[in-house]
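Chain naming here is simple, since letters A, B, ... match the order of the sequence lines and numbering starts at 1 in each.
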Protein chains: 2
Amino acid sequence: MNKNVTALPKTALPKTSLPKTARGAATRARIVDAATALVRARGAANTTIDAVIEASKASKSQVYHYFADKDELVLAVIQRQAECVLGTHEGLLRKLNSLAGLRRWRDAVVELTEQTNCAGGCPLGSLAAELSETPRTRAALAESFARWAGYFEAAFARMQARAGKTPAGDLRALSEAMLASLQGGLLLAQTLRSTRPLELALDMAIEHVAARLKL
Amino acid sequence: MNKNVTALPKTALPKTSLPKTARGAATRARIVDAATALVRARGAANTTIDAVIEASKASKSQVYHYFADKDELVLAVIQRQAECVLGTHEGLLRKLNSLAGLRRWRDAVVELTEQTNCAGGCPLGSLAAELSETPRTRAALAESFARWAGYFEAAFARMQARAGKTPAGDLRALSEAMLASLQGGLLLAQTLRSTRPLELALDMAIEHVAARLKL
DNA sequence: CGAATATTGGACTGTTTAGTCCAGTTACTT
DNA sequence: AAGTAACTGGACTAAACAGTCCAATATTCG
């Protein structure tokens, strides 16, 4: 895939149309949804277009009508998965403004991980590990992580405000450390099939936040 | 690959011989070394046997003489990479017995990451993200992580002993949190192409260790 | 030496894969 | 209704792929 010696930038000329009717939009969505589930289960490299076609009940011409090639589809999968993960965490973090709230978020994450027997790891983290060496996928994933960190940052700011502290300390740094703990904890949980490393990593990060925010 | 409905356990009958002469051992080593480099660069799923053959200057019959199938070769790659990574970190951690030493280890890791422009992430972490959903590869990776945590644990024990403290606290938990920070920091560093999240995660973990060990 | 065993070269097979192509159908517009 | 554009079905191609096979060459050892 994309082993050309002269790999041109993909965005040059679009060549692939966005859906222009509701029916087309539904087809495209079915394809992306099926691809997202398959990539989640087997990774991008192990997901074939034919499998996506079968799972989405689409035809080959439909896939190539909306996506120039497999790389484009994978990019759409990243965006779809990011929407989903960031949506979940934005919901969990949106109104958070206390250490107790942060601990409830921790419990929710652990619970979610337990429910899948620690399998699969973080949907976004797994994509990041596989797709961080190609520019466009890397950029999409980097942006997603940045937005994720932004949700933490906003929550920490609310925590600080609520405690009557003047906004101080590097909240961005704090949120990056939190995200790193989460990702590392989820990866170890996946490999060791235990939520323990995840719990330990998150508890450490929460303590760190409390200390830095003087809460 | 291995899509049989009746997937038998692989260890049943070996069918593949270990090298019995020095020449054979050298061939096998060449194959594993080449495969390890390719898997590191492109992931296991994107590494073909043919590419391994070309890179190692071996022939197809040589590969299948020493490995029953691609899965077996990937397993050998995991073991090889684990040897390498654990060897490096064991060397760095072996004589460590102080907070200052831990900070030097941190600097070495950051330095190493910088030298590759944050590309590739952790060689073992990347394998873990890709290969934690198949039993044998997952088991090999879990064991490697456990050994890695063991090196931290031993270092923390020395730190505690040197400070004249009685061995207290859950050193295992501390080392798992440290490993999680390292893995999460390396993943974010890889995706964001910046050592900053790695530095933040490691500094947080070191502070945590200091606090728990009362150093 | 000479038999037995280990190793090697590489052609070959059957399957899977990404991607192409075009004829046919559906929906929108006027 | 007719013309245009969007969408769809699926056969087809060329390349890549994992894995097989066997004849040939080395190496070991009694």
request  = Please figure out whether B/S59 or A/S61 has its closest DNA chain C nucleotide nearer the 5' end.
outcome  = B/S59
ask   = Do the side-chain N or O atoms of A/Y66 get closer than 4.0 angstrom to the phosphate oxygens (OP1, OP2) of D/dA6?
value = no
Gap separating the CG atom of A/L93 from the CG atom of A/L102, nearest 0.5 angstrom = 8.0 Å
What is the separation between atom [atom1] on [X] and atom [atom2] on [N], rounded to the nearest whole Å?
X     : N      : atom1 : atom2 : result
A/Q62 : C/dG19 : CD    : C1'   : 16 Å
B/D50 : C/dA11 : CG    : P     : 13 Å
B/K57 : C/dG9  : NZ    : C1'   : 15 Å
A/I53 : D/dC7  : CD1   : P     : 17 Å
A/E54 : D/dG9  : CD    : C1'   : 16 Å
B/F67 : D/dT20 : CZ    : P     : 15 Å
B/N46 : D/dA16 : CG    : C1'   : 13 Å
A/Y64 : D/dG9  : OH    : P     : 16 Å

query = Near DNA chain D, which residues from residues 19-37 of chain A have a heavy atom under 4.0 Å away?
reply = A/P19, A/K20, A/T21, A/R23, A/G24, A/T27
message = Check for me whether the distance between the ring centres of A/F152 and A/W105 falls short of 6.0 Å.
response = yes
Distance-only donor-acceptor test, B/K60 side-chain atoms vs D/dA18 base atoms, 3.5 Å = yes
inquiry  = Nearest to the A/H65 side chain among D/dA18, C/dA18, D/dC7, which nucleotide is it?
reply    = D/dC7
Salt bridge (Lys or Arg N to Asp or Glu O under 4.0 Å) contacts in which one or both residues fall within residues 171-196 of chain A, not counting sequence neighbours = A/E153-A/R172, A/R172-A/E176, A/E176-B/R196, A/R193-B/E133, A/R196-B/D170, A/R196-B/E176
remark   = Taken in chain and number order and not counting sequence neighbours, the residues that satisfy side-chain contact (heavy atoms from CB on, under 4.5 Å) with B/R106 are B/V110, B/E199, B/L202, B/D203, B/I206
inquiry  = Regarding A/E207 and B/R212, does a basic nitrogen lie under 4.0 Å from an acidic carboxylate oxygen?
reply    = yes
inquiry  = Strictly below 4.0 Å, N to O, side chains only: are B/R138 and B/E143 in salt-bridge contact?
reply    = no
request  = Taking atom types as modelled, find out whether B/Q79 and B/E83 have a side-chain donor-acceptor pair closer than 3.5 angstrom.
outcome  = no
